[in-house]
Enquirer: 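This is the structure, below, for whatever I ask next.
Each chain gets a letter, A, B and so on, in the order the sequences are listed, and its residues count up from 1.
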Amino acid sequence: MDSFQIFTTSTSLVDSVDKKLLVVLRDGRKLIGILRSFDQFANLVLQDTIERIYVADTYGDIPRGIFIIRGENVVLLGEIDEEKEDESPLRQVPVEDVLQIQREEMEAKVKREKTKHRMLSDQGFSVDVAEFGELY
Amino acid sequence: MLPLSLLNTSQTHPILVELKNGETFNGHLVNCDNWMNLTLREVIQTSSDGDRFWRLTECYIRGNTIKYLRVPDEIIDMVKEDAAKQRVAGGRNSNRGGAGHNGGDQRGGHHSHQGGERGGRGGGRGGRGDYNKTGRGGYNNSGGDRGGRGGGMRGGRGGRGGANQA
């Protein structure tokens, strides 16, 4: 039978260097780029980065170049499997379309949140406001 | 190369800074420090909704307000040059304290700051020597401590080192 012993060793980003990663930021942005370096705060350097905006079953890419991301703004990151990328059920569309839909979704969301906030405050609840458009 | 080193290399180049509140600052990086505090020149500040713009001749941004920075693609090539230059400079400096450093003036009593003087290669080991005051001379005069070669604290080829009270 297999041994169920789990070895714990320290985690490092060194194995992710020079790999294509997806990085999610606290404001909800998804950046895809090649990790070139990092430090003890998990500040990251990404090269050939694109910002990918997802809407429904489509997405649009905006090329962005080199990013230096301050570590505290990162929610998660993960390696992208290039083969699985090709099998993705999502369609790539021109980025202008996606931006348009994203704007509309944003406006609708802000409106919903405002109504929710007002109704809860009226009932005497104290509602947390998300500062600076941060989702996480 | 570390993220902050990359940032240092991009001094004098145009960069874009986005703050946590969504405002963006486009300008030339003048200076930066270990906390990611920045000074920029000839800056265009844009509000988070992209509607309002300000022009600032210079500005200071506190590091902890930054979400991310974007730098020009050329910086990566400059970084590789910088790294190569530093390796060459390091090679030339490696013989700094190697030959004939007499620690003789540290006879007895208080051994303060032995670390720095021991020269290039010994640097690391010298540092530890500050705290391991199993000194030469001073309070511990055991015979066994004598003998330059045993001096793990001395580092490099550092001469006769320490206080050998022959």
Enquirer: Could you tell me whether Y54(A) atom OH has more than 12 heavy atoms of other residues or ligands within 6.0 Å of it?
Expert: yes
Enquirer: Working to the nearest 0.5 angstrom, can you tell me the gap between I68(A) CD1 and R70(B) CZ?
Expert: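 If I round to the nearest 0.5 Å, the distance is 12.0 Å.
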Enquirer: Would you say OH of Y60(B) has more than 12 non-hydrogen atoms from neighbouring residues, nucleotides or ligands within 6.0 angstrom?
Expert: yes
Enquirer: Which one, I66(B), I75(B), L16(B), leads in non-hydrogen pairs under 4.5 Å with chain A?
Expert: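 Of the candidates given, the most pairs with chain A belong to I66(B).
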Enquirer: As an exercise, state the distance from CG of N43(A) to CG of L6(B), rounded to the nearest 0.5 Å.
Expert: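 That separation rounds to 11.5 Å.
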Enquirer: Is there a path of hydrophobic side-chain contacts, each under 4.5 Å between heavy atoms of I, L, V, M, F, W or Y residues, that connects L35(A) with L76(A)?
Expert: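 Unlinked, L35(A) and L76(A) end up in two clusters.
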Enquirer: Do D27(A) and E18(B) make a side-chain contact, defined as non-hydrogen atoms from C-beta onward lying under 4.5 Å apart?
Expert: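 A side-chain contact under 4.5 Å exists here.
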Enquirer: Could you state the interatomic distance from CG (L2(B)) to CD (Q40(A)), rounded to the nearest 0.5 Å?
Expert: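 If we round to the nearest 0.5 Å, L2(B):CG and Q40(A):CD are 8.0 Å apart.
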Enquirer: Could you tell me the separation between the CZ atom of F132(A) and the OG1 atom of T65(B), rounded to the nearest 0.5 Å?
Expert: 9.5 Å
Enquirer: Are L22(A) and I50(A) connected, step by step, through hydrophobic side chains (Ile, Leu, Val, Met, Phe, Trp, Tyr) whose heavy atoms are closer than 4.5 Å?
Expert: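 Linked within one cluster.
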Enquirer: Pick whichever of G63(B), S48(B), G22(B) has the most heavy-atom pairs under 4.5 Å with chain A.
Expert: G63(B)
Enquirer: Under a single-linkage definition using a 4.5 Å side-chain heavy-atom cutoff for Ile, Leu, Val, Met, Phe, Trp and Tyr, are I80(A) and L77(A) assigned to the same hydrophobic cluster?
Expert: no
Enquirer: Considering only heavy atoms, which portion of L25(A) lies under 4.5 Å from any heavy atom of chain B: side chain, backbone, both, or neither?
Expert: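 For L25(A), side-chain heavy atoms alone lie under 4.5 Å from chain B.
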Enquirer: To check you understand the geometry: which heavy-atom pair defines the closest contact between E72(A) and N64(B), and what is its length?
Expert: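 Where E72(A) meets N64(B) most closely, the heavy atoms are OE2-O, 3.8 Å.
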Enquirer: If I measure from the heavy atoms of chain B, does R103(A) come under 4.5 Å with its side chain, its backbone, both, or neither?
Expert: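 No part of R103(A) comes within 4.5 Å of chain B.
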Enquirer: Who wins among R64(A), R70(A), R26(A) for the most heavy-atom pairs under 4.5 Å with chain B?
Expert: R70(A)
Enquirer: Quick check on the hydrophobic clustering: are M78(B) and L69(B) connected, directly or via other members, by side-chain heavy-atom contacts under 4.5 Å?
Expert: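 Yes, because M78(B) and L69(B) connect within a single hydrophobic cluster, where side-chain heavy atoms sit under 4.5 Å apart.
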Enquirer: Out of curiosity, does L99(A) fall in the hydrophobic cluster containing V93(A) (side-chain heavy atoms, cut-off under 4.5 Å, transitive links)?
Expert: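 Hydrophobic grouping puts V93(A) with L99(A).
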Enquirer: Chain B heavy atoms under 4.5 Å from F67(A): which part of the residue, side chain, backbone, both or neither?
Expert: both
Enquirer: Please report the shortest heavy-atom distance between I69(A) and Y68(B), naming the atom on each side.
Expert: CA-CB, 4.0 Å
Enquirer: For V45(A) and P3(B), which heavy atoms make the closest approach, and how far apart are they?
Expert: CG2-CA, 3.6 Å
Enquirer: Has E83(A) got more than 12 heavy atoms of other residues, nucleotides or ligands less than 6.0 Å from its CD?
Expert: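 At most 12 heavy atoms, drawn from other residues, nucleotides or ligands, come within 6.0 Å of this atom.
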Enquirer: For the CD1 atom of I66(A) and the CD1 atom of I15(B), what is their distance to the nearest 0.5 Å?
Expert: 12.0 Å
Enquirer: Please identify, among E131(A), E134(A), Q47(A), the residue contributing the most non-hydrogen atom pairs under 4.5 Å to chain B.
Expert: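 If we count pairs closer than 4.5 Å to chain B, Q47(A) comes out on top.
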Enquirer: Tabulate, in ascending numerical order, the residues of residues 30-41 of chain B having at least one heavy atom closer than 4.5 Å to a heavy atom of chain A, or enter 'none'.
Expert: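 Checking residues 30-41 of chain B against chain A gives W35(B), M36(B).
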Enquirer: Within this structure, what is the CZ-CD1 distance for the pair R36(A) and I76(B), rounded to the nearest 0.5 Å?
Expert: 7.0 Å
